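Computed over heavy atoms, backbone and side chain alike; hydrogens, waters and symmetry mates excluded. On a predicted model such as this, the values are computed, not experimentally measured, just so you know.
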Amino acid sequence: MENKVKMLVAIDESEGSFYALRWALDNLFSSCNHMSLEPQQEHDINYITLVNVQPLFQPFIYPAGPVVYATPLMIESVKKAQEENAANILARALHMCKEKKVKAETLILQGDPKDKICQAAEELHADLVVVGSRGLGAIKRALLGSVSNYCAHHVHCPVLIVKPPTTKSAHE
């Protein structure tokens, strides 16, 4: 009896998220990509879902004075740019999967990445969520929050946080 394992990988424009995808492809799919395309183990990962979350566009601006609302043309322009951005990010990720002969599907969501990744994991019944780590400093992490940390505490399945290798500074 075959058990399908569903893996969700959160992808954004950061190199950290692409490093996490590359790591997952190299390390979690290796057993079914050597010698044969047939799964070698009973619990092999069969495919992954690549999730990209675009922020919600706020159609108003808070300058020093009164509230200014964006024009319909501006709103449409921003939405189109977000769709193109998501398509470009996911096309790069899909290409990486194709190179490793891994089946992948894509999902574009809008909203807060922390909430939407957790919601997608729940709705898709993911068995594993893979997220990259941007390595935010303590202040930025406190102000912005860490997506990977939030997911680790709120997703109801294992969360793999992949940290990119640290680069050595020039003076070392």
Colleague: How many angstroms lie between CD1 in I161 and OG in S133, if you round to the nearest 0.5 Å?
Modeller: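 So the gap between those two atoms works out to 7.0 Å.
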Colleague: Going by salt bridge (charged side-chain N to carboxylate O under 4.0 Å, His left out), name the residues that satisfy it together with E15, two or more places apart in sequence or in a different chain.
Modeller: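 Result, salt bridge (charged side-chain N to carboxylate O under 4.0 Å, His left out) vs E15: R92.
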Colleague: Say you draw a straight line from CG of N149 to NZ of K114; how long is it, rounded to the nearest 0.5 Å?
Modeller: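 Separation between the atoms: 9.5 Å.
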Colleague: Search all heavy atoms of P113 against all heavy atoms of V147 and return the closest pair with its distance.
Modeller: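 What the structure gives for the nearest pair is CB-CG2, 4.2 Å.
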Colleague: Between L160, L50, L25, which is the residue that forms a side chain to side chain contact (heavy atoms under 4.5 Å, CB included) with V9?
Modeller: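 Answer after filtering L160, L50, L25: L50.
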Colleague: Quick one: CG on L8 to SG on C157, what's the gap to the nearest 0.5 Å?
Modeller: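 That separation rounds to 8.0 Å.
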Colleague: Taking the side chain as C-beta and beyond, is there a heavy-atom pair between I11 and V51 under 4.5 Å?
Modeller: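 Answer no - side chains too far apart.
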Colleague: Please check if the side chain of S17 supplies one atom and the backbone of G132 the other of a donor-acceptor pair under 3.5 Å.
Modeller: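 The answer is no, because no donor-acceptor pair under 3.5 Å joins these two groups.
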Colleague: Side-chain contact, heavy-atom cut-off 4.5 Å: Q82 with Q110?
Modeller: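 In short, these two side chains touch, coming nearer than 4.5 Å.
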Colleague: What is the distance from atom CD of E13 to atom CG of N85, rounded to the nearest 0.5 Å?
Modeller: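 One finds 6.0 Å between CD of E13 and CG of N85.
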Colleague: Could you tell me whether the side chains of Q54 and N52 share a donor-acceptor contact shorter than 3.5 Å?
Modeller: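 Distance-only check passes for Q54 and N52.
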Colleague: Can you tell me how far the CG atom of L90 sits from the NE2 atom of H95, to the nearest 0.5 Å?
Modeller: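 Spacing of CG (L90) from NE2 (H95) equals 14.5 Å.
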Colleague: Check side chain to side chain donor-acceptor pair (under 3.5 Å) between D115 and all other residues, then give those that pass, not counting sequence neighbours.
Modeller: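 With neighbours one apart ignored, the set is Y150.
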Colleague: Between N27 (side chain) and W23 (backbone), is there a donor-acceptor pair under 3.5 Å?
Modeller: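 Yes; at least one donor-acceptor contact below 3.5 Å.
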Colleague: Measuring only between side-chain heavy atoms, which start at C-beta, is T106 closer than 4.5 Å to T49?
Modeller: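 Of all side-chain heavy-atom pairs linking T49 with T106, none is under 4.5 Å.
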Colleague: I need the minimum non-hydrogen distance between L56 and G111, along with the two atoms involved.
Modeller: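 So the minimum-distance heavy-atom pair works out to CG-CA, 3.8 Å.
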Colleague: How long is the gap from CD on E123 to CG on L107, to the nearest 0.5 Å?
Modeller: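 One gets 9.0 Å once the value is rounded to the nearest 0.5 Å.
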Colleague: Do the non-hydrogen side-chain atoms of V130 and M7 ever get within less than 4.5 Å of each other?
Modeller: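 Side-chain contact under 4.5 Å: yes.
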Colleague: Would you say the side-chain atoms of E105 pair up with the backbone N or O of I48, donor to acceptor, closer than 3.5 Å?
Modeller: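 Such a contact is absent between E105 side chain and I48 backbone.
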Colleague: Tell me, with the steps shown, if V162 and S148 meet side chain to side chain contact (heavy atoms under 4.5 Å, CB included).
Modeller: CA-CA 9 Å; V162 181; S148 57; over 6 Å; no
Colleague: Should we say atom CG of L73 is surrounded by more than 12 heavy atoms from elsewhere, each under 6.0 Å from it?
Modeller: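 Counting neighbours around CG of L73, 12 or fewer heavy atoms of other residues, nucleotides or ligands fall under 6.0 Å, so no.
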